[in-house]
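No experiment lies behind these values; they were computed from the predicted model shown.
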Amino acid sequence: MESSETNGDYPSGKTTDVIDTESGTVSKMADDSETNWKVLSIEAKNSDTEEVNDHPIEQVRLTVPITDDPTLPCLTFRTWLLGTISCALLAFCNQFFAYRQNQLFISSVSAQILVLPVGKFLAATLPTKKIRLPRTKWYFSLNPGPFNLKEHVLITIFANAGASPVYAVNIITIVKAFYRTEISAMAAFLLTHSTQLLGYGWAGIFRKFLVDSPYMWWPINLVQVSLFRALHDIEIRPKGGLTRLQFFLVVLVSSFAYFLVPNYLFPSITALSFVCWIWKKSVTAQQIGSGLYGLGIGSFAFDWGTVASFLGSPLAYPGFAIANIMVGFILTLYVLIPTAYWTNSFEAKRFPLFSSHVFDSTGGNYNVSLVLDSATFKFNHEGYDNYSKVYLSIFFAYAYGLSFAVLAATLTHVALFHGIEIWHQTKASLKDKYGDVHTRLMKKNYDQVPQWWFYILLIIVAGLAILACEGFGRQLQLPYWGVLLAMALAFIFTLPIGVITATTNQQPGLNVITELIIGYMYPGRPLANVAFKTYGYISMAQAVGFLSDFKLGHYMKIPPRSMFIVQLAATLVASSSYFGTAWWLLTSVENICRSDLLPAGSPWTCPGDDVFYNASIIWGLVGPQRMFGNLGIYLNMNYFFLIGLLAPVPVWLLSRAFPDKKWIRYIHMPILIGATGNMPPARAVNYICWGAVGLFFNFVVYKRYKGWWARHNYILSAGLDAGVAFMAILCYFALQNSNIYGPNWWGLPLDDHCPLAHCPTAPGIKVNMCPVFV
């Protein structure tokens, strides 16, 4: 893109010619967001007769069409039938696999692909006769015409809900499987649904900022937009090349065929470490080289599941976000953690370098039964005083410290870098001014969702949440004021976290700050802590998820009221399916989640719930005062709040001092500080492979082969994801469900063959299968 002279019709400032690759239209974009907002307002006034693709984000201009056909039917019988089935099946499969050692996440892309031929089949076979509802003037048709794009999008919104995990199920799991006590089925049911539905209120309040604004572009949605276009657009195959659909099918089949290797024949290929092969008896070398239990230097994998399983597809991330994450990952894992460990900070050498478990002073696993009063399900002070303080691995300790910093940095970053933009958007929304082409089309063609719909739903769900906590013998331990406080936190943080998610594809969580607040205010009650965390954190996360789906509908020109109805229905179906699947498994699989009692080879080890359980001990049972307060070992971690609060300031000052240095604004401190926020359960090898793939495609390919990138990048991501998901499902139901696993050889274990990486190195600490240092 080349600079142009300032046009008198535009606000003063430097502008850039932007060429739409599909229409050939040239429009002018200013180089700063404040001017761009004014530019877009002027474009909106001057384009009454012909729409101009004036979106300020290049990736959006290259991916999202600016056409719309408002006559296409949306909420059809096919939408409801295929959407409900897709949502329920995805929810069942994802919860089913969540309890297994090798967790499998099946994304909505799988349903997005499969429903297209089914939808076309229904369009070809269902009767077209209209059916009138008895005693009403309403009627509908089982087959209103050809299966169309908007039906497909709404079915995918259903599937998105089914693919989104239900956090409250973790509470039910730790109560029944880890604490080994009971919870009312109705209390659990209300907990599951109310936590998922609360987010609608916050989504309604902030949708003008996070959906209508063109700068909130939600990069993750471009993958699905690209796939929709590949599946529906009529495209002529270029000479010597492939159409986007043909390219997608080639990638899908290749990914499907190859995943048989890491999933069945050679599972060890998901994490390899040549350092451990060379130094087989060195604890230090294996700590450095292990990609699963150490720093991962020299570790690698040949598996798309390793690349995308915890952080998502790197092809869907903006390049600057990947760069920030990898810089933060390197600084954390290769500077901070080694320095802290080998200087024995917080007695680090007595425990594993990387672990999410809690330990006692001897280096052994913490015996929770000694500090939990089984009669009252509260903290046992005397037992704790006679036993031991709670210790963490050095990585886990600093993971909490960094999460403190991320939260503070999020607020500062959004205020400094997006404060003016949010203010202008606020004024524009109050004056009913809308910016880019997509927002203009949506406002022109469709009725908006009344704000009171969101408010009524918020009030009803808040009442159900209070009933779940205060009723049923107060099994969840959380009083009504705790629910209201959690809601207030979610309200405060939805906008800043939504801004970061919508621009970087990274979503900072509220899990730690919610645990910290209720841990101080209401200590010694593990279930109150996790319930508060879920209402505060997940209602915010759900709001961000709803807003992301609204943006997808915005790009695909789906009527907002249809979006609202489908999202609400899908959330109810998904929550019920997740709850039903979890309750069934927890009551039917003997010794589920209890690794010490499971038979050899049993997959029901619940690794994600194990992390959740240990967090409930740290924050809920023992409490933050005995962990990070004046009675704890990790008091100094609180300085990370101050570090995070100040971290974005130097970057902001530099960006103001050197406005021509555009790269400075791409230094994103919340993302950089929170780079390792997915560890655990993610491991070093996941980050290394994810970063390598992401940097290659979003810098090398994007800069050198932009035409190929615009045409194929997101299609490649969708094809790889879908191939892995289909093969994993096939392998499970055809082989692994009958305990038929791969050939018994060195590569069969799902391990990186670094058995000493988890060993402590302090003198005199005895751990099973580890050498004792002297």
Worksheet item: Mind checking what makes side chain to side chain contact (heavy atoms under 4.5 Å, CB included) contact with I633, not counting sequence neighbours?
Response: F346, K389, Y391
Worksheet item: Within a strict 4.5 Å, meaning less than it, do heavy atoms of the Y537 and I513 side chains meet?
Response: no
Worksheet item: If you draw a 6.0 Å radius around OH in Y666, do more than 12 non-hydrogen atoms from other residues or ligands fall strictly inside?
Response: no
Worksheet item: Are any non-hydrogen side-chain atoms of W202 and M487 less than 4.5 angstrom apart?
Response: yes
Item to complete: Check side chain to side chain donor-acceptor pair (under 3.5 Å) between N713 and all other residues, then give those that pass, not counting sequence neighbours.
Response: W709
Worksheet item: Which residues satisfy the ring pair (Phe, Tyr, Trp, His ring centres under 6.0 Å) test with F300, sequence neighbours excluded?
Response: F302
Worksheet item: Any side-chain heavy-atom pair from F351 and H357 closer than 4.5 angstrom?
Response: no
Worksheet entry | Under 3.5 Å side-chain donor-acceptor pair for Q196 and Y578 | no
Discussion item. Check whether N324 reaches the backbone of L672 with its side chain - one donor and one acceptor, N or O, closer than 3.5 Å.
Written reply: no
Worksheet item: Considering residues at least two apart in sequence or located in another chain, which fulfil the ring pair (Phe, Tyr, Trp, His ring centres under 6.0 Å) criterion with F493?
Response: none
Worksheet item: Is there side-chain contact between M679 and L333, with at least one heavy-atom pair below 4.5 Å?
Response: yes
Discussion item. Assess, by modelled atom type and distance only, whether the side chains of Q224 and S108 contain a donor and an acceptor separated by less than 3.5 Å.
Written reply: yes
Discussion item. If we count only N and O atoms by modelled type, under 3.5 Å, do the side chains of Y200 and T571 hold a donor and an acceptor together?
Written reply: yes
May I have the list of side-chain donor-acceptor pairs in residues 639-659 shorter than 3.5 Å, sequence neighbours left out?
from : atom 1 : to   : atom 2 : distance (Å)
W652 : NE1    : L416 : O      : 3.2
S655 : OG     : W652 : O      : 2.6

Worksheet item: Do V211 and M216 have side chains that get closer than 4.5 Å, going by heavy atoms?
Response: no
Discussion item. Would you say the rings of Y555 and W218 are close, in the sense that their centroids are separated by under 6.0 Å?
Written reply: no
Practice prompt. Using atom types as modelled and distance alone, determine if a side-chain donor or acceptor of N160 lies under 3.5 Å from a backbone N or O of F546.
Written response: no
Response to the item:
Taken to the nearest 0.5 Å, the spacing of L485 CG from L489 CG works out to 5.0 Å
Worksheet, complete the sentence: Taking every heavy atom of W217 against every heavy atom of P214, the minimum-distance pair comes out as CB-O, 3.9 Å
Worksheet item: Heavy-atom distance under 4.5 Å between the side chains of V335 and I330, does that happen here?
Response: no
Practice prompt. Please assess V622 against I618 for the test side-chain contact (heavy atoms from CB on, under 4.5 Å), listing each intermediate value before the final yes or no.
Written response: CA-CA 6 Å; V622 176; I618 295 169; over 6 Å; no
Worksheet item: In Å, rounded to the nearest 0.5 Å, how long is the span from OG of S194 to OH of Y535?
Response: 3.0 Å
Discussion item. Determine whether a donor-acceptor pair (N or O, by modelled atom type, separation under 3.5 Å) exists between the side chain of Y687 and the backbone of A682.
Written reply: no
Practice prompt. Go through the structure and list residues passing ring pair (Phe, Tyr, Trp, His ring centres under 6.0 Å) with W481, not counting sequence neighbours.
Written response: Y522
Item to complete: For side-chain contact (heavy atoms from CB on, under 4.5 Å), just list the numbers for T514 and I517, CA-CA rounded to whole Å, side-chain angles, deciding distance to a tenth of an Å, and then say yes or no.
Response: CA-CA 5 Å; T514 51; I517 291 172; 6.0 Å; no
Fill in: Lys/Arg cation over aromatic F612: K533, 6.0 Å, 45° cone
yes
Practice prompt. Nearest 0.5 Å please: distance from the CG atom of L478 over to the CD1 atom of I518.
Written response: 5.5 Å
Worksheet item: How about N221 and H554: does a side-chain donor come under 3.5 Å of a side-chain acceptor?
Response: no
Worksheet item: Is there a donor-acceptor pair closer than 3.5 Å between any side-chain N or O of S548 and the backbone N or O of G545?
Response: no
Discussion item. Assess the residue pair F417 and H668 against the criterion (side-chain contact (heavy atoms from CB on, under 4.5 Å)); give the C-alpha distance rounded to whole Å, side-chain angles, the decisive distance to 0.1 Å, and a yes or no.
Written reply: CA-CA 10 Å; F417 286 93; H668 202 292; over 6 Å; no
Worksheet item: Is the backbone N or O of Y167 less than 3.5 Å from a side-chain atom of N170, with the two atoms forming a donor-acceptor pair by type?
Response: yes
Discussion item. Please enumerate all residues that pass ring pair (Phe, Tyr, Trp, His ring centres under 6.0 Å) together with Y334, with sequence neighbours excluded.
Written reply: F329
Worksheet item: For the residue pair H438 and V64, what are the closest heavy atoms and their distance?
Response: CE1-CG1, 3.4 Å
Expected list for residues 392-410: side-chain donor-acceptor pairs under 3.5 angstrom, two or more places apart:
from : atom 1 : to   : atom 2 : distance (Å)
S393 : OG     : S355 : N      : 3.2
S393 : OG     : S355 : O      : 2.7
S393 : OG     : F396 : N      : 3.2
Y400 : OH     : W619 : NE1    : 3.3
S403 : OG     : Y400 : O      : 2.5
T410 : OG1    : V406 : O      : 2.7

Worksheet entry | Gap between atom CG of L197 and atom CG of L458 - 0.5 Å precision | 11.0 Å
Fill in: Spatial distance of atom CE (M442) from atom CE (M563) [nearest 0.5 Å]
8.5 Å
Worksheet item: By side chain to side chain donor-acceptor pair (under 3.5 Å), which residues pair with T534, not counting sequence neighbours?
Response: none
Practice prompt. Measure across A462 and L198 and return the closest heavy-atom pair with its distance rounded to 0.1 Å.
Written response: N-CD2, 4.1 Å
Fill in: Flag, side chain of N638 to backbone of F628, donor-acceptor distance under 3.5 Å
yes
Fill in: Stepwise ring-ring contact (aromatic ring centres under 6.0 Å, His included) check, F206 with F491
CA-CA 10 Å; F206 296 114; F491 172 77; 5.6 Å; yes
Fill in: Pairing residues for A488 by the side chain to side chain contact (heavy atoms under 4.5 Å, CB included) criterion, not counting sequence neighbours
none
Worksheet item: Under 4.5 Å between any side-chain heavy atoms of I667 and V327, yes or no?
Response: no
Worksheet item: Side chains of S616 and L621: does their closest heavy-atom pair fall under 4.5 Å?
Response: no
Worksheet item: What residues form a side chain to side chain donor-acceptor pair (under 3.5 Å) with D303, not counting sequence neighbours?
Response: T306
Discussion item. Quick check against the 3.5 Å criterion: does N686 have a side-chain atom that pairs as donor or acceptor with the backbone of R683?
Written reply: yes
Discussion item. Suppose we screen for side chain to side chain donor-acceptor pair (under 3.5 Å). Which residues come up paired with Y702, at least two apart in sequence or across chains?
Written reply: E58
Discussion item. Give me the atom names and distance for the closest heavy-atom approach of G296 to I688.
Written reply: O-CD1, 3.1 Å
Worksheet item: What's the verdict on side-chain contact (heavy atoms from CB on, under 4.5 Å) for L510 and I497, showing C-alpha distance, side-chain angles and the deciding distance?
Response: CA-CA 9 Å; L510 295 183; I497 289 178; 3.8 Å; yes
Response to the item:
When every non-hydrogen atom of T332 is compared with those of P338, the smallest separation belongs to O-CD, 4.3 Å
Response to the item:
Separation between CD (Q625) and CG (L516), nearest 0.5 Å, reads 11.5 Å
Worksheet item: Can you name the nearest heavy-atom pair linking A321 to I671, along with the distance?
Response: O-CG2, 4.1 Å
